[in-house]
Amino acid sequence: MGIAENLNGLHKGIPSHVKIIAVSKTMPDSAIREAYDSGQRDFGENKVQEMVDKQRRLPGDISWHMIGHLQTNKVKLIIPFVQLIHSVDSLRLLSVINSEAEKAGRCINCLLQLFIATEESKFGLSREEAGTLLLSDEYKSFRNIRITGLMGMATNTENNDRVRQEFQNLAAVFSEFRAAFFPGDPTFSVLSMGMSGDYATAVEAGSNMVRIGSLIFGERKYYDKTSTT
């Protein structure tokens with residue numbers, strides 16, 4: 001099936017309140033345009049320069065999501081256009097985002113990335129570290145960022161019970177944080193968890209934003225970034 005058919009199938013199987021982020025990393029412009037022409041507007045990238053290049057070439061009403069690990073020295077490159085940064089994993093990074101957003105006259109939506117997996121290679125804050133961040137005076141002084149929810153990546157395993165437990169744990173933290181730190185604030189509303197291999201389990205656990213790549217675009221192939229085909 002093609003990209004349009006894949007997207008249509010996903011929309012039929014995923015509840016309407018769950019937003020699909022099409023993970024377009026390594027995908028050529030032609031594939032993104034096909035998804036765009038099918039109505040998809042939210043796209044996720046994990047490399048700053050790749051996202052910047054694509055943003056310059058592709059339609060201006062695309063909502064770009066930074067879903068990969070973000071280095072502080074590259075924040076300024078995406079601030080002019082990024083819609084949501086999923087991967088905030090330190091107070092220092094949040095401070096840089098706030099500073100660059102202030103220069104640009106923007107308020108940037110961010111998710112705190114929590115470490116919920118058993119793989120040390122994954123990034124993220126612990127529940128305790130995230131709570132400490134939200135209680136800090138420095139965070140409370142920021143005026144150009146908005147924490148709109150949490151993001152997490154489950155362990156890459158075929159053990160679905162483990163994956164389900166990790167997603168349920170993050171959903172519990174999301175509810176806890178909403179009550180403790182964002183009472184009555186409707187903007188703290190995003191629980192981003194679930195990818196191509198585990199999105200159904202994530203949605204069952206309460207996810208309302210899923211990051212899906214291969215089920216939309218097919219097998220990933222690295223391409224010449226200077227090409228637009």
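- With hydrogens and angles ignored, the 3.5 Å screen pairs a side-chain donor or acceptor of Ser207 with a backbone N or O of Leu191.
- Without hydrogens or angle criteria, Thr148 side chain to Val190 main chain gives no donor-acceptor distance under 3.5 Å.
- Of all heavy-atom pairs spanning Leu91 and Phe142, the tightest one is CD1-CE1, 4.0 Å.
- For the pair Asp61 and Arg41, the minimum side-chain heavy-atom distance is below 4.5 Å.
- In this structure, the side chains of Phe188 and Arg178 come closer than 4.5 Å at one or more pairs of heavy atoms.
- Taking CD from Glu204 and CG from Asp198, the interatomic distance works out to 11.0 Å, rounded to the nearest 0.5 Å.
- By the 4.5 Å heavy-atom criterion applied to side chains, Ile67 and Ser87 are not counted as neighbours.
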Worked check of side chain to side chain contact (heavy atoms under 4.5 Å, CB included) between Asp89 and His69
CA-CA 8 Å; Asp89 59 3; His69 182 63; 3.2 Å; yes
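- Closest heavy-atom contact between Asn6 and Ile216: ND2-O, 2.9 Å.
- Glu102 is not listed as a side-chain neighbour of Arg143, based on a closest heavy-atom distance of 4.5 Å or more.
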Start with the C-alpha gap between Phe115 and Leu125, add the side-chain angles, then the distance that decides, and say whether side chain to side chain contact (heavy atoms under 4.5 Å, CB included) holds.
CA-CA 5 Å; Phe115 182 83; Leu125 299 157; over 6 Å; no
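- A salt bridge links Glu45 with Lys54: at least one charged nitrogen is closer than 4.0 Å to a carboxylate oxygen.
- No hydrogens or angles considered: a donor-acceptor pair under 3.5 Å links the side chains of Asp185 and Thr187.
- Residue Glu176 holds its CD atom at 12.0 Å from CZ of Phe174, rounded to the nearest 0.5 Å.
- Crowding of Lys140 atom NZ: a count of heavy atoms from other residues, nucleotides or ligands under 6.0 Å exceeding 12.
- One distance of note links CD1 of Ile14 with CD1 of Ile20; it measures 4.0 Å at 0.5 Å rounding.
- Judged purely by atom type and a 3.5 angstrom limit, Asn46 has no side-chain atom pairing as donor or acceptor with the backbone of Gly68.
- Between Cys110 and Leu94, the closest side-chain pair of non-hydrogen atoms falls below 4.5 Å.
- Annotation for Ala202 and Met193: closest pair CB-O, 3.2 Å, computed over non-hydrogen atoms.
- Across all non-hydrogen atoms, the minimal contact from Phe217 to Ala35 is CE2-CB, 4.2 Å.
- Nearest heavy-atom pair, Leu114 versus Ala130, reported as atom, atom and distance to 0.1 Å: CD1-CB, 4.0 Å.
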Please determine whether side chain to side chain contact (heavy atoms under 4.5 Å, CB included) holds for the pair Tyr199 and Leu10, giving the CA-CA distance in whole Å, both sets of side-chain angles, and the decisive distance to 0.1 Å.
CA-CA 10 Å; Tyr199 75 88; Leu10 284 169; 3.9 Å; yes
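- Between the Ser90 side chain and the Leu93 main chain, a donor and an acceptor come within less than 3.5 Å of each other.
- With rounding to the nearest 0.5 Å, the separation of CD1 in Ile147 from CD1 in Ile85 is 9.5 Å.
- Interatomic distance, Lys103 NZ to Asn98 CG, rounded to the nearest 0.5 Å: 11.0 Å.
- Between the side chains of Gln165 and Asn169, at least one donor-acceptor pair of N or O atoms lies under 3.5 Å.
- A donor atom on one side chain and an acceptor atom on the other are found under 3.5 Å apart for Ser192 and His86.
- At least one donor-acceptor pair under 3.5 Å links the side chain of Glu5 to the backbone N or O of Gly2.
- Listed by chain and residue number, nothing satisfies the ring-ring contact (aromatic ring centres under 6.0 Å, His included) test with Phe167 (two or more places apart in sequence, or in another chain).
- Counting heavy atoms from C-beta outward, Ile108 and Ile79 have side chains that approach closer than 4.5 Å.
- In summary, the aromatic rings of Tyr36 and Phe43 are positioned with their centroids too far apart to meet the 6.0 Å limit.
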Test Val75 against Ile97 for side chain to side chain contact (heavy atoms under 4.5 Å, CB included), laying out the working first.
CA-CA 6 Å; Val75 168; Ile97 295 170; 3.9 Å; yes
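- Asp42 and His65 form a side-chain donor-acceptor contact under 3.5 Å, judged by distance and modelled atom types alone.
- Closest non-hydrogen pair, Gln113 versus Phe123, comes out as NE2-O, 3.1 Å.
- At a threshold of 4.5 Å between non-hydrogen side-chain atoms, the residues Asp161 and Arg164 count as touching.
- To the nearest 0.5 angstrom, Lys19 atom NZ is 14.0 Å from Arg211 atom CZ.
- Ser136 places a side-chain N or O within 3.5 Å of a backbone atom of Leu133 that can act as its donor or acceptor partner.
- Remark: the Thr201 side chain and the Asn160 side chain contain an N/O donor-acceptor pair separated by less than 3.5 Å.
- Counting heavy atoms from C-beta on, the side chains of Ile78 and Met51 come closer than 4.5 Å.
- A salt bridge does not link Arg106 to Glu100: none of the charged side-chain nitrogens sits closer than 4.0 Å to a carboxylate oxygen.
- No hydrogens or angles considered: a donor-acceptor pair under 3.5 Å links the side chains of Asp53 and Gln49.
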